[in-house]
Chemist: 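One structure is given below, represented as structure tokens, and several questions about it will come after.
Each chain gets a letter, A, B and so on, in the order its sequence line appears, and its residues count up from 1.
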Number of protein chains: 2
Amino acid sequence: MMTKEETEKFKQELKERGYKLTPQRRAILNVIIENEGRHLSPEEIYEFVKKECPEIGLATVYRTVQLLEKMGVLYRMNFDDGVSRYELVKNTADHQHHHLVCLKCGSIEEVEDDLLEVLEDKIAQKYDFFIKNHDVKFYGFCKKCRK
Amino acid sequence: MMTKEETEKFKQELKERGYKLTPQRRAILNVIIENEGRHLSPEEIYEFVKKECPEIGLATVYRTVQLLEKMGVLYRMNFDDGVSRYELVKNTADHQHHHLVCLKCGSIEEVEDDLLEVLEDKIAQKYDFFIKNHDVKFYGFCKKCRK
DNA sequence: TTAACTAATGAAAATATTTTTCATTGGGGT
DNA sequence: ACCCCAATGAAAAATATTTTCATTAGTTAA
Ligand SMILES: [Zn+2]
Ligand SMILES: [Zn+2]
Ligand SMILES: [Zn+2]
Ligand SMILES: [Zn+2]
């Protein structure tokens, strides 16, 4: 659950862009914060948020995650399972972290280490391409599934 | 256009798995080969292949690219533009190459250098995860769009 | 506090991509 | 040439997402 100060900060950020703080938006952001690390889909967020906000519509969830993405609060990701998934942007790192996707059990693990500076510098030079962010997934088999 | 030998090889690979060589499959693979580097979607493949095979159905294109993916001939990729895109698996490298995606013009450039061995070794150790392949996209601005 | 303005909402319809169904065709082995 | 069953095209269905629209409700300023 967001603290009063966090809610106030969120309200401010919305206001700056001409948006309003609604109970639905607060509830959706709460669900995402409370499930940090889970990479929820709109449908999954909807199921959680209905507990708090039973009258909410799925379209509002879609609209809100898109809004939060535009505001830089969320990242949208695609793990090739047919749905978009969202996670909080960590303001500690300027680039998105990497993901380990298990081909057997589908688990998604986060990788702290970035370690792409060398490669990115090389690419920037060789291809004359300014890199703003990256999307790095490693597919393979997790510890559990290799036993 | 595939040579007679390439077609024969394709037919063999199909046969090994109990599949048949149809004019549709040949035409679809031809389109993909002739557009190497273009990352075509099923709909785009369909438009090309209709010139050769006007009676073909879109469902056959979908079925065929999935078959070719299962056979290890194609990779399916997602550039977040709402469609799947396919490209030939290059049998020179064991891992898929990286892509530079321009956030302005949408162009997709391929990166020869892999340079992920160090990172992958580190991940394999630290996270006890066996890496089979990766999906690496760099988002940013291409040379042309930075002018 | 109230009134006014307009953004946001829920429900339903629409859209877009992909998959499935099913009757028919045709590849490939005999 | 014949048979078997995999493959096909067309249409329907399934799935995820977006849009429409009438109504509700934040926010601001009188
Ligand atoms: Zn696993
Ligand atoms: Zn993550
Ligand atoms: Zn560009
Ligand atoms: Zn490529």
Side-chain angles (χ1 to χ4, degrees), chain A residues 7-31 39-47 49-71 73-74 76-86, chain B residues 7-31 39-47 49-71 73-74 76-86:
Chain A
T7 305
E8 207 46 49
K9 187 165 161 259
F10 180 39
K11 187 171 175 179
Q12 263 321 108
E13 283 168 6
L14 286 164
K15 196 167 138 187
E16 280 162 26
R17 296 161 193 252
Y19 303 133
K20 293 171 182 175
L21 177 61
T22 63
Q24 291 91 336
R25 288 180 177 168
R26 199 163 356 120
I28 289 167
L29 186 51
N30 265 329
V31 162
H39 310 96
L40 298 179
S41 67
E43 189 75 44
E44 289 167 348
I45 294 167
Y46 177 59
E47 288 308 319
V49 85
K50 267 200 292 193
K51 294 170 193 161
E52 195 68 20
C53 244
E55 75 295 348
I56 200 172
L58 181 54
T60 297
V61 177
Y62 273 99
R63 285 186 283 236
T64 302
V65 290
Q66 281 171 210
L67 181 78
L68 293 172
E69 194 194 0
K70 261 200 305 189
M71 290 174 65
V73 175
L74 299 185
R76 179 165 47 93
M77 21 202 36
N78 189 301
F79 292 112
D80 272 325
D81 60 352
V83 291
S84 294
R85 296 187 170 278
Y86 291 86
Chain B
T7 305
E8 207 46 47
K9 186 164 160 259
F10 181 40
K11 187 171 176 179
Q12 263 322 109
E13 283 167 7
L14 286 164
K15 195 167 139 188
E16 279 162 28
R17 297 161 193 252
Y19 304 133
K20 293 172 182 174
L21 176 60
T22 64
Q24 292 91 336
R25 289 180 175 168
R26 199 165 356 119
I28 289 167
L29 186 52
N30 266 327
V31 162
H39 309 97
L40 298 179
S41 67
E43 188 74 45
E44 288 167 347
I45 294 168
Y46 178 58
E47 288 307 318
V49 85
K50 268 200 292 193
K51 293 170 193 161
E52 195 69 19
C53 245
E55 76 294 350
I56 200 172
L58 181 54
T60 297
V61 176
Y62 273 97
R63 285 186 285 237
T64 302
V65 291
Q66 280 172 209
L67 180 78
L68 293 172
E69 193 194 2
K70 261 201 305 191
M71 291 174 65
V73 175
L74 298 184
R76 179 164 48 92
M77 22 200 37
N78 190 302
F79 292 112
D80 273 326
D81 59 352
V83 290
S84 295
R85 297 187 169 277
Y86 290 86

Chemist: In terms of heavy-atom contacts, does CD of B:E69 have more than 12 from other residues, nucleotides or ligands at under 6.0 Å?
Modeler: yes
Chemist: Are there more than 12 heavy atoms of other residues, nucleotides or ligands under 6.0 Å from atom CD of B:E44?
Modeler: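 Buried by this count: over 12 neighbours within 6.0 Å.
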Chemist: Could you check whether any side-chain heavy atom of A:V49 comes within less than 4.5 Å of a side-chain heavy atom of A:T60, counting everything from C-beta outward?
Modeler: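 Side-chain contact under 4.5 Å: no.
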Chemist: Given atom CD of A:E16 and atom C1' of D:dT27, what is their separation to the nearest angstrom?
Modeler: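 My rounded result for the distance is 16 Å.
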Chemist: Rounded to the nearest angstrom, tell me the gap between atom CE in B:M77 and atom C1' in C:dT17.
Modeler: 19 Å
Chemist: Once each nucleotide of nucleotides 22-28 of chain C is scored for protein heavy atoms under 4.0 Å, what B/S/- sequence comes out, 5' to 3'?
Modeler: ----BBS
Chemist: I need the CG-P distance between B:L67 and D:dT8, as an integer number of Å.
Modeler: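 Atom-to-atom, B:L67 to D:dT8, this comes out as 9 Å.
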Chemist: Write down the distance between CD (A:Q12) and C1' (D:dT28), rounded to a whole number of angstrom.
Modeler: 14 Å
Chemist: How close or far is atom P of D:dT17 from atom CD of A:E44, stated in whole angstroms?
Modeler: 11 Å
Chemist: Testing B:K15, B:R17, B:K9, B:K11 for salt bridge (charged side-chain N to carboxylate O under 4.0 Å, His left out) with B:E13, which one passes?
Modeler: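 Exactly one candidate clears the test, B:K9.
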Chemist: What is the nucleic acid contact for B:E55, judged by heavy atoms within less than 4.0 Å: base, sugar-phosphate only, or nothing?
Modeler: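 Sugar-phosphate contact only.
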Chemist: If you find the nucleotide of DNA chain C closest to A:I56 and the one closest to B:Y62, which residue's nucleotide is nearer the 5' end?
Modeler: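 This one resolves to A:I56.
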Chemist: Check the phosphate of C:dT18 against B:S84, side-chain N and O only, distance under 4.0 Å to OP1 or OP2. Yes or no?
Modeler: yes
Chemist: Please give the angle, rounded to 10 degrees, between the axes at the start and the end of the helix from C:dT1-D:dA30 to C:dT30-D:dA1, where five pairs define each axis.
Modeler: 30°
Chemist: Rounded to the nearest Å, what distance is computed from the CD atom of residue A:E47 to the P atom of nucleotide D:dA16?
Modeler: 12 Å
Chemist: Taking the nucleotide of DNA chain D with the nearest heavy atom to each, does B:G57 or B:G18 sit closer to the 5' end?
Modeler: B:G18
Chemist: Return the value, rounded to whole Å, for the distance between atom NZ of B:K70 and atom P of D:dA7.
Modeler: 9 Å
Chemist: Could you check B:L21 against B:T7 for side-chain contact (heavy atoms from CB on, under 4.5 Å), going step by step and ending with a plain yes or no?
Modeler: CA-CA 9 Å; B:L21 176 60; B:T7 305; 4.0 Å; yes
Chemist: Kindly compute the distance separating CD (A:E43) from CZ (A:R85), expressed to the nearest 0.5 Å.
Modeler: 11.0 Å
Chemist: Mind checking whether A:L67 and A:L14 have side chains closer than 4.5 Å, heavy atoms only?
Modeler: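 Contact flag for A:L67/A:L14 side chains = yes.
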Chemist: In Å, rounded to the nearest 0.5 Å, how long is the span from CG of B:L29 to CG of B:L74?
Modeler: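 Separation between the atoms: 7.0 Å.
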Chemist: Rounding to a whole Å, what distance do you find between B:L58:CG and D:dA12:C1'?
Modeler: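 Those two atoms, CG and C1', are 14 Å apart.
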Chemist: A:R25 side chain to A:K20 main-chain N or O, any donor-acceptor pair under 3.5 Å?
Modeler: yes
Chemist: Give the nucleotide from the list C:dT9, D:dA7, D:dG9 with an atom nearest to the side chain of A:R25.
Modeler: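 Closest nucleotide to the A:R25 side chain: C:dT9.
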